[in-house]
Amino acid sequence: MIVAVFSGELVIDEDLVNQTENEIRKQIQEYLEKERKTFSLDTSFPGGGLGLVLRKASQIPYRETRTYGAVADELDIDKLKLGEYLDRNPLPLIIPSHRVVGENSIGSYEAGREVKRRLLELERGNSD
């Protein structure tokens, strides 16, 4: 399924979520409207390195970021490989890969850097 987020689109693999498309869209809308900080969706993680990286990204709390270097060190993988895995996130936003940033830049994101920047601003601006 495709979800419009700010000026971009995210491709969500709803086969990895055990809820209806309507529920997924509802929770994403609540997040974008600052009514939700976490998703209560029953998700499946892919196997291998991709799953390992996505599990780590899913543990980054709302309003917080981690650098590619720090996450790569924790997982003992190459930073470039980490970036490749994050770019292949089948559940962007739901698994918050946008919270992994470069040391001196925002880094890449499936829907583009502008969308990533706005997602991080949305989280920083939510004072609840």
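This structure is a prediction, so every number in the text was calculated from the model and none was measured.
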Query raised in the report: Measuring from S40:OG to I94:CD1, what's the distance to the nearest 0.5 Å?
Result: 10.5 Å
Query raised in the report: Salt bridge or not for E123 and R99, using N-O below 4.0 Å?
Result: yes
Query raised in the report: Any Lys/Arg nitrogen of E121 or R118 sitting under 4.0 Å from an Asp/Glu carboxylate oxygen of the other?
Result: no
Requested in this report: Report the distance from atom NZ of K56 to atom CG of L82, rounding to the nearest 0.5 Å.
Outcome: 11.0 Å
Requested in this report: Check the side chains of E110 and H98 for a donor-acceptor pair under 3.5 angstrom, ignoring hydrogens and angles.
Outcome: no
Query raised in the report: Think K34 forms a cation-pi with Y31, using NZ or CZ under 6.0 Å from the six-ring centre and within 45 degrees of its axis?
Result: no
**Report entry** Carboxylate-amine/guanidinium proximity below 4.0 Å for K26 and E30
**Finding:** yes
Report summary line: Correct closest heavy-atom pair for V5 and V115 would be O-CG2, 3.7 Å
Query - Exam field: side chain R113 to backbone G107, donor-acceptor pair closer than 3.5 Å - result: yes
Query raised in the report: Could you state the interatomic distance from CG (L10) to OH (Y109), rounded to the nearest 0.5 Å?
Result: 4.5 Å
Query - Pairwise distance CD1(I2) to CD1(I12) - rounded to 0.5 angstrom - result: 10.5 Å
Query raised in the report: Okay, side chain of N89, backbone of I95: is any donor-acceptor separation there less than 3.5 Å?
Result: yes
Query raised in the report: Okay, side chain of Q19, backbone of D42: is any donor-acceptor separation there less than 3.5 Å?
Result: yes
Report summary line: Taken to the nearest 0.5 Å, the spacing of S105 OG from Y68 OH works out to 7.0 Å
Query - F6 with L120, same ILVMFWY side-chain cluster at under 4.5 Å - result: no
Query raised in the report: Would the number of heavy atoms belonging to other residues, nucleotides or ligands and lying under 6.0 Å from CG of N104 be above 12?
Result: no
Requested in this report: Enter the distance from F45:CZ to L50:CG here, rounded to the nearest 0.5 Å.
Outcome: 10.0 Å
Query raised in the report: Do any N or O atoms from the side chain of K116 and from the backbone of A111 form a donor-acceptor pair under 3.5 angstrom?
Result: no
Query raised in the report: Side-chain donor-acceptor pair under 3.5 Å between T43 and N18, yes or no?
Result: no
